[in-house]
Undergrad: 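Would you mind keeping the following structure in view while I ask a few things?
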2 protein chains.
Amino acid sequence: MQDVARRAGVTKQTVSNVVTGRVAVRPETEARVRAAIDELGYTPNLVARSLATGSTRTVGLFVPTVTTAFYAHVVEEAEDALGRQGYHLLLCTTRRDGGRARQHLAGLTSRSVDGLLIAGDQDLPGRLPLPAGARFPVVLCAWETELPGRFPVVTIDYELGGHLAGRHLRELGHERVAVLAGPAHGRRVAGLRRAFADDGLTVPDSAVHLVPASAGLAGGIAAARAALAADPDTTALFATHDVLAAGALQAARDAGRSVPRDLSVVGYDDDPAGPLSRPALTGVALPTREMARQAIELLLGAVSAPGEPVGTPRPLPPELIVRDSSGPVPRA
Amino acid sequence: MQDVARRAGVTKQTVSNVVTGRVAVRPETEARVRAAIDELGYTPNLVARSLATGSTRTVGLFVPTVTTAFYAHVVEEAEDALGRQGYHLLLCTTRRDGGRARQHLAGLTSRSVDGLLIAGDQDLPGRLPLPAGARFPVVLCAWETELPGRFPVVTIDYELGGHLAGRHLRELGHERVAVLAGPAHGRRVAGLRRAFADDGLTVPDSAVHLVPASAGLAGGIAAARAALAADPDTTALFATHDVLAAGALQAARDAGRSVPRDLSVVGYDDDPAGPLSRPALTGVALPTREMARQAIELLLGAVSAPGEPVGTPRPLPPELIVRDSSGPVPRA
DNA sequence: CTGAAAGCGCTTACAG
DNA sequence: CTGAAAGCGCTTACAG
C-alpha cells in the first residue's frame, strides 16, 4: 500500500480512501491511484483490514456431514449466497461429535468469524456455550427437534411434509401403513399420523420402525423387511428419508411384492436419485437451497445490524412429488 | 491480553511467551498467567497474530462440487487432516467455472491463506495465473488429465484402475465390451484397452460412448441403451464412473437383459451405494481419503518448509472389488 | 527469565 | 479533498 501511495504521489491514507470508497477523492487523484494499483498488482491485505475494522468477511458453517445430498446442497447454496456479498466460508463438519464441534467453535472464535450458521439438529446450542470471546451472531437452520430458542432459526415445516405424504396415501385408499423412521424424525411421523387421524384412523406405534442414523441403505432394507414381516397386510410404506425409501424398494422386490401394484412406497427428502429409481420414487421434496439462502441472508443481516433483533421466519413448506412408487390400495 | 497481563502482574510480552511457548518462563509466573487466562476466558486473537506472523493457519480447498460422494470424501478427509494440525478450511466449490474460481482465488489471496489444495481436473493452474500477491504453496490432487507440471500433485493411478477392470473382464472370457465414458476419463478407458490389447484384442472407438459430465444417471441409461443397440453382441459394459454404471444396470433391466447372466457391468469409483444396488456392483475402488490425507500432508509440509522442493509421490493404486454384476461371458 | 519498543498493513477520526 | 497520528492485538528481536 505504501508502494502504491508513493507511486501515485499520495499518502497511503488516500489509497485507503479510494480502495474503500468511504471518502470521496478527486477524480484525477483516484485515477492515478488506480493506475498505480494495477501496475503494482496490489491486493489489499484483508487480515490487516480485519484487525483494524473487526470484520473478517468470513462466516463459519457447521454441518453434521457433507456426504448426503441434503447437506451438500446446503453447503453449496450457503457458499453462493455468501459469495454474492463478498464473504468466504469456513466449513466445519461436526460428524455429530460434541468434542469436535467445541474445537471448531474455538477455532472460529479466535479467527473472528463474522457469523456462524449451524445446519441440522446438532444438540450444540444447548450443550455448547459459546466461548467468552464469541461476539458474532448465530443462526440455526434445518432444525427439526425442539428449538433451542436462543437463536433465530430458518427451517422447514417437517410436520407438513409428513402430512402431505399421509394425505396422499389416504387419498389412494390406504389404511395400513408402516413407517421407516430415522432418529429425530418425530415431526415427519407426527404429520403422517395427523393425516390418518383426519380420517379417524390411527397409525399404531407397532407400525413405526426406527432405524439408526448410520444404518444407510442396508438399514432401510432391514427395516422394510421387518415391517412387512410384522404386518403382511401393510399396503404402504412411508420412509422418513429417501435412503430408507430406496431400501424399501429393494426389500419389496426381494419379497416379491410389486411396487406400486402390491405396495406403495413414499419417501422424504427429494434425493436427486429418487426420480431415477425404478419405479421412480414418490416423495416429499424439501426447499433445501431456499432455506440455506434465507438462513445466510438472515445471518448477514444480523452481522450488519448488530443490535437489532432478528425475526425467525415461518418454516418453509415442502411439496409432495407424485411419481410411480405410489398407487391405489390393492383390492383385497 | 493486556487485561490478562495486568491481572497476572506481568507485561503482555510475557503473556505472549506463555501462550506461544516460544520462550521459557518461570513456572510460577506461567501458573499466574494461566490462571489469569482462565479467569478472564481469554482467547488469543488469531487475526492479530496472523498479521504479526504472516501465518493464518487456514488453507483453501477448491473442489468442482461437493455433491458427489468422491468430492464429499475429499472434503471431509482434508478437513480432518487439517484439523489435526490446528488448521481450518476455507471451502470453495468452483462448479467448473473459471470466473468463479478466479474470484475465489482473489479472496483466498487477500485473506492470506497458508496454502491451497486444488482437487479435480479444473483446468485452473493453466489458465489461472495466481494473483501477484499469492505467496502460498499450491498442491493438486485427483488429477487425471495432463499435469500442469507447475505444482506437486497427489493423485490416483486411474489407468491402472481401467486395466484392473479390463483384466477382470478378460479373465471372465469377455471379448466384446462397450464403454460408457465420462469426459476427462481417457486414462480409465486406456487402461481397459491395454488389458484387452494384452490378449491381442482391440476395443474399437465405436464401442466407446461418451457421456457429458452433467448427464448423471439419465445419461448412463441413455448411453447404455445406445451401446446395446449399436452392438447387440456386447457381453460387457464398462462404465468410467458409478453413476453411469447404475444407469447401465437399469438400461439392462429395461432391455430385458439379466445381469450378470446375459451382461456383465463393471463400474468405477466405489460409490458407497454400489454394494447395495441389485445386483451389487463390481467396480474399481479408489483410495480417495488416503489421497486427500497425503495431499494435505504434502501441502502442510510445503507450508512449514517454504524454500524446499516437494516431491510428487507416485500415483496411488486403486483396487478392483468383485461383486455380483460381473460374471462369465454367456456361451453363444 | 522479563520488560520496553517497533512493527505487521490496514482504517479511522481529526486537522488543515 | 488530503495529510499526520493513533490504534487494532498480537509477535519479535533486543536489552537488561
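Reminder, nothing fancy here: chain letters follow the sequence lines and each chain counts from 1. Predicted model, so just to flag it, every value in this text is computed and none were measured.
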Undergrad: Indicate yes or no: does B:Arg135 engage B:Asp114 in a salt bridge with an N to O separation below 4.0 Å.
TA: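 B:Asp114 and B:Arg135: not salt-bridged.
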Undergrad: If you pin A:Leu51 and A:Thr11 to their nearest nucleotides in DNA chain D, which one's is more 5'?
TA: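 Residue closer to the 5' terminus by nearest nucleotide: A:Thr11.
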Undergrad: Could you tell me whether the side chain of B:Glu79 and the main chain of A:Thr93 form a donor-acceptor pair under 3.5 Å?
TA: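 Answer holds: yes.
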Undergrad: For atom CD of B:Gln103, decide whether the heavy atoms of other residues, nucleotides or ligands shown that lie under 6.0 angstrom number more than 12.
TA: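 No, because the 6.0 Å sphere around CD of B:Gln103 holds 12 heavy atoms or fewer from other groups.
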Undergrad: Classify the nucleic acid contact of B:Thr20 as base, sugar-phosphate or nothing, counting any heavy atom under 4.0 Å across all strands shown.
TA: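 It contacts sugar-phosphate atoms only.
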Undergrad: Only one of B:Thr58, B:Thr56, B:Asn45 forms a side chain to side chain donor-acceptor pair (under 3.5 Å) with A:Arg111, so which one is it?
TA: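 Only one option passes, and that is B:Thr58.
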Undergrad: Mark yes or no for whether B:Thr312, through its side chain, and B:Val153, through its backbone, hold a donor-acceptor pair below 3.5 Å.
TA: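 Such a contact is found between B:Thr312 side chain and B:Val153 backbone.
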Undergrad: Is the closest basic N to carboxylate O distance between B:Asp97 and B:Arg102 below 4.0 Å?
TA: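 No.
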Undergrad: Considering only heavy atoms of chain B and a distance under 4.0 Å, specify the first and last nucleotide of DNA chain C in 5' to 3' order that meet this criterion.
TA: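 Reading along DNA chain C, I get C:dC1 to C:dG9.
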Undergrad: Please work out the stems of DNA chain D from pairs that are Watson-Crick or G-U wobble with both distances under 3.5 Å, keeping only runs of three or more consecutive pairs.
TA: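 The stems that DNA chain D takes part in, listed by first number, are C:1-3 with D:14-16, C:5-12 with D:5-12, C:14-16 with D:1-3.
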Undergrad: By nearest heavy atom, map A:Val10 and A:Ala48 onto DNA chain D; which one lands nearer the 5' end?
TA: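 By nearest-heavy-atom nucleotide position, the 5'-most residue is A:Val10.
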Undergrad: Do B:Arg96 side-chain atoms and B:Thr65 backbone N/O form a donor-acceptor pair below 3.5 Å?
TA: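 No; zero donor-acceptor contacts below 3.5 Å.
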Undergrad: When you check the gap from the basic side-chain N to the acidic O, do A:Arg293 and A:Glu297 get nearer than 4.0 Å?
TA: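 Yes, this pair counts.
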